[in-house]
Asks: 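If you scroll down you'll find the structure; I have some questions about it.
Since this is a predicted model, take the numbers as computed values, not measurements. All values below were derived from every heavy atom in this structure, side-chain atoms included, with hydrogens, water molecules and symmetry-related copies excluded. The sequence lines fix the lettering, A, B, ..., with proteins before strands; numbering per chain opens at 1.
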Amino acid sequence: MGQKGSKIKITETDRAVLELKRSKDEIHKFTKRTDQLISSERSELKNLMKENPRNYKENTKVRFLLKRIHYQEHLLERASDQLINLENMVSTVEFKLIEAHFLKGIQNGNELLKKLNREFKNLDEILDDVQEQIAYQNEIDETLSHSLAGVNDYEEEIDRELDRLNKEVNPEQTIKLPSTEGLASLPEPVHKEDLKDGMPSQKVEKVPGTEAVLLS
Amino acid sequence: MQLEYPPIYSFPPLYTRQPNKIIRTKQIESWITIILDLASKNKLWTISKDGTIENSLNIFQNNDIGRSVPPLFIVEIMKIMFTNGQLVSKSDKKSDFDSDLSNEFYILWKPIESWGSLILEWFETSNKMNQVVTLYELGEGDESIGWEFHEMPAPLLVKSLKNLVSRNRCTLIKDENDKYIAMKVI
């Protein structure tokens with residue numbers, strides 16, 4: 001609205017409505033004219049009657065005038081009926097136009113809905129795909145966690161090696177160790193047997209390790 | 001026509017061209033006010049070059065006090081009104097005051113833009129937007145009774161509507177004789 005370059009289009013229906021309205025205007029003009037005519041003829045009639053107060057009933061002109069007035073009134077009535085008809089017609093047409101707009105809106109909406117629904121058509125496919133992708137992701141995660149475990153092992157090895165090196169570099173600590181081990185050695189065997197099988201084996205593993213270091 | 005005039009209308013010096021420029025400006029202003037007031041109150045739309053309103057009443061002639069404005073001064077007043085946009089030529093062609101051949105002007109007691117806006121307001125309030133409306137319907141129809149532009153001469157209506165056209169709110173429709181008969185306003 002009101003933007004430059006947007007010309008207001010006159011459609012075929014506009015032209016048709018215009019024709020209707022023009023005929024309506026014609027009738028409107030006619031009723032206006034007839035109204036004026038009737039009132040002027042009435043005053044003329046009254047004047048004539050005033051001039052001939054006795055024999056006005058015999059006066060042909062008086063009779064003629066009154067007849068004319070009646071006829072004009074009859075015409076006026078018909079004209080106003082037609083006017084109402086035309087007005088109703090115009091408003092019906094205008095309402096129909098709005099209805100047509102409504103229909104167009106519905107159609108557009110339907111079209112859009114169809115289009116959108118069509119996009120949902122390969123929903124199953126997509127969902128399957130998504131499922132697949134999730135499964136694949138899980139697989140990847142698993143693999144990754146596996147390799148991570150491997151890294152952990154490696155780090156344990158490094159720790160062990162560092163411990164070994166530490167013993168080598170700082171022998172005083174090894175001297176100190178016996179004293180603590182001596183304290184713990186008493187409950188240790190009891191623990192070892194009570195605990196899981198894994199624990200002793202670890203200890204066993206450690207023992208050859210230290211030997212290896214000593215050998216090298 | 002029984003018209004009501006302001007008291008100043010019976011003031012004899014009003015009819016003599018005042019030599020002092022400041023006073024004369026005031027004097028012409030008074031004349032313009034008288035004419036525009038009279039026109040708007042009684043819905044008088046036209047004035048000829050000699051000051052005859054609606055072909056029947058010469059505003060510059062006051063028979064009650066036996067005074068009239070000299071023709072040259074009438075032209076001066078009318079010219080000022082023309083440049084003020086308070087008078088507009090009857091013809092469609094754009095022209096200045098002196099070369100205007102129509103010899104008759106429309107009195108605009110409202111600027112043409114205001115008339116356009118008023119008509120637009122009518123379209124909005126009477127729910128006529130986006131519909132074809134005939135000039136007759138706008139100016140003479142029952143639906144515009146009580147609006148200031150009711151009974152406005154059709155050419156002046158067209159002029160006001162052309163203002164709406166330039167504002168991109170209106171399209172004028174011509175009939176088979178190339179005469180404007182209807183419009184559509186959005």
Asks: Of all of B:I173, B:N130, B:V185, which one pairs up most often with chain A through heavy atoms under 4.5 Å apart?
Replies: B:I173
Asks: Under 6.0 Å between ring centres: does that hold for B:F73 and B:W31?
Replies: no
Asks: Under 4.5 Å from any heavy atom of chain A, what part of B:V133 do you find: side chain, backbone, both or neither?
Replies: both
Asks: Between A:R68 and A:E73, is there a salt bridge with N-O shorter than 4.0 Å?
Replies: no
Asks: In plain terms, say whether B:E140 and A:R33 are close enough for a salt bridge, that is, a side-chain N and a carboxylate O under 4.0 Å apart.
Replies: no
Asks: So for A:K29, is it side chain, backbone, both, or neither that comes closer than 4.5 Å to the heavy atoms of chain B?
Replies: both
Asks: So that I can tick it off, tell me whether A:E94 and B:K128 are bridged by a salt bridge, with the cut-off set at under 4.0 angstrom between side-chain N and carboxylate O.
Replies: no
Asks: Name the option with the most non-hydrogen atom pairs under 4.5 Å to chain B; the candidates are A:L20, A:L97, A:V90, A:L18.
Replies: A:L18
